[in-house]
Amino acid sequence: MRVESHGITDPGPAGKRNDDTFYIDDAHGLYAVSDGLGRFKGADLASRTVVNAVVKAVLEGQPLAQAANTAAHAIDARAKADPALKDMAATLTLLLIAGGRFEGVHVGDSRAYLVRAETLVQLTRDHSVAFEQYLAGAITKDQIRTNRNQAMLTRSIRAGRGYAATEPFGGELRPGDVFLLCTDGLTKELTDAHLRVVLLQPDPPRVLAEALLEKARKRILVDNVTLIVARTRSS
């Protein structure tokens, strides 16, 4: 099965540093997004370190969860080399498409979605206080976007931990599956309904990715926005 993808990032408000990093590799079916936690020093370095380390580890043959732990070790090494980075941290959403299946690991509040048979499904669970409130029925899914606890993460790849408390996701692959990986800058601006309307279109991944970003921009971005759209096709 062939995969076509496109990734795009936008720093958001003028003058804002972009703390997001993404990776696309259609040849290996490997995709990643990471969002450095901006309230800590070295957020941009944290996301780059996580993505670079996890990609290298996967391409060297490590299972995804182990590769995420390797990324956690890389964050630790950076922090030990510079004590000012002792609190650096980042999210990670990692997807591998191969052999008729997709599998991934996830930590933080970046997300992975699957669109199949006109249905959009969030494959990951946000590791945030707001998402826990949603699961408990205290708020709706749409209210997560503006909830004051949305940015309070319960898990991340953080210096000093030495491991990544990831959750796995995966399943059988079908021709026409569309995957979206994104940082929370996108989902702060667009609801699942907004995402579904765009991702149901038959356009190439580049067009879909640009359409999502343009929709988010029209709502006045408050954060970095990074996303990857990948579509599977029969060989």
Side-chain angles (χ1 to χ4, degrees), residues 3-13 20 22 24 31-35 91 93-95 97 102 104 106 108-154 167 169-233:
V3 185
E4 298 173 341
S5 70
H6 185 71
I8 193 167
T9 189
D10 189 306
D20 292 353
F22 74 92
I24 56 175
Y31 310 90
V33 297
S34 178
D35 181 359
T91 71
T93 300
L94 180 67
L95 172 69
I97 298 173
F102 68 90
H106 157 75
D109 64 350
S110 299
R111 293 180 178 179
Y113 288 91
L114 169 63
V115 176
R116 175 186 289 171
E118 300 192 357
T119 300
L120 179 140
V121 177
Q122 184 175 335
L123 298 171
T124 55
R125 180 178 64 171
D126 298 4
H127 296 134
S128 71
V129 173
F131 201 82
E132 290 181 353
Q133 290 179 290
Y134 157 66
L135 293 176
I139 60 175
T140 68
K141 181 77 175 292
D142 285 350
Q143 287 174 331
I144 293 172
R145 298 165 46 241
T146 55
N147 187 277
R148 64 181 181 178
N149 294 321
Q150 185 269 339
M152 294 181 61
L153 298 192
T154 57
E167 286 189 321
F169 61 92
E172 297 291 332
L173 203 61
R174 296 182 187 174
D177 283 346
V178 176
F179 294 91
L180 169 67
L181 274 61
C182 62
T183 58
D184 71 326
L186 183 69
T187 51
K188 284 175 183 174
E189 307 298 340
L190 302 182
T191 67
D192 284 6
H194 293 138
L195 301 178
R196 179 180 175 276
V197 167
V198 174
L199 295 173
L200 280 176
Q201 303 307 308
D203 301 306
R206 178 185 295 274
V207 175
L208 298 180
E210 291 175 350
L212 286 172
L213 181 56
E214 186 57 29
K215 270 186 173 289
R217 282 175 174 155
K218 288 180 179 178
R219 299 177 67 87
I220 309 178
L221 300 182
V222 298
D223 198 358
N224 313 144
V225 174
T226 299
L227 63 126
I228 297 169
V229 176
R231 185 194 297 277
T232 62
R233 298 188 183 278

Report yes if some heavy atom in the side chain of [X] is under 4.5 Å from a heavy atom in the side chain of [Y]; otherwise report no.
X      : Y      : answer
Arg116 : Val121 : no
Thr154 : Val129 : yes
Asn147 : Gln143 : no
Phe179 : Leu173 : yes
Asp126 : Arg111 : yes
Leu153 : Thr91  : yes
His6   : Ile24  : no

Is it the case that the side chain of [X] and the backbone of [Y] share a donor-acceptor pair, with hydrogens and angles ignored and the cut-off at 3.5 Å?
X      : Y      : result
Arg231 : Asp203 : yes
Ser128 : Met152 : no
Thr232 : Arg174 : yes
Thr93  : Ala112 : no

Write down the atom of [X], the atom of [Y], and the distance for their closest heavy-atom approach.
X      : Y      : value
Ala32  : Leu94  : CB-CD1, 3.8 Å
Ser110 : Val33  : CB-CG2, 4.1 Å
Pro205 : Val229 : CB-O, 3.4 Å
Phe131 : Lys141 : CE1-CE, 4.2 Å

Gap between atom [atom2] of [Y] and atom [atom1] of [X] - 0.5 Å precision:
X      : Y      : atom1 : atom2 : result
Arg196 : Leu180 : CZ    : CG    : 14.5 Å
Lys218 : Glu189 : NZ    : CD    : 13.5 Å
Leu114 : Phe102 : CG    : CZ    : 5.5 Å
Leu208 : Leu213 : CG    : CG    : 12.5 Å
Asp109 : His127 : CG    : NE2   : 10.0 Å
Ile144 : Gln150 : CD1   : CD    : 8.5 Å

Any residue meeting ring-ring contact (aromatic ring centres under 6.0 Å, His included) with Tyr31, in chain and number order, not counting sequence neighbours: none
Counterpart residues, ring-ring contact (aromatic ring centres under 6.0 Å, His included), relative to Phe22 (two or more places apart): none
Test side chain to side chain donor-acceptor pair (under 3.5 Å) applied to Thr183 and Thr9, Asp35, Asp20, the passing residue: Asp20
Residues, nucleotides or ligands: over 12 heavy atoms within 6.0 Å of Arg125 CZ: no
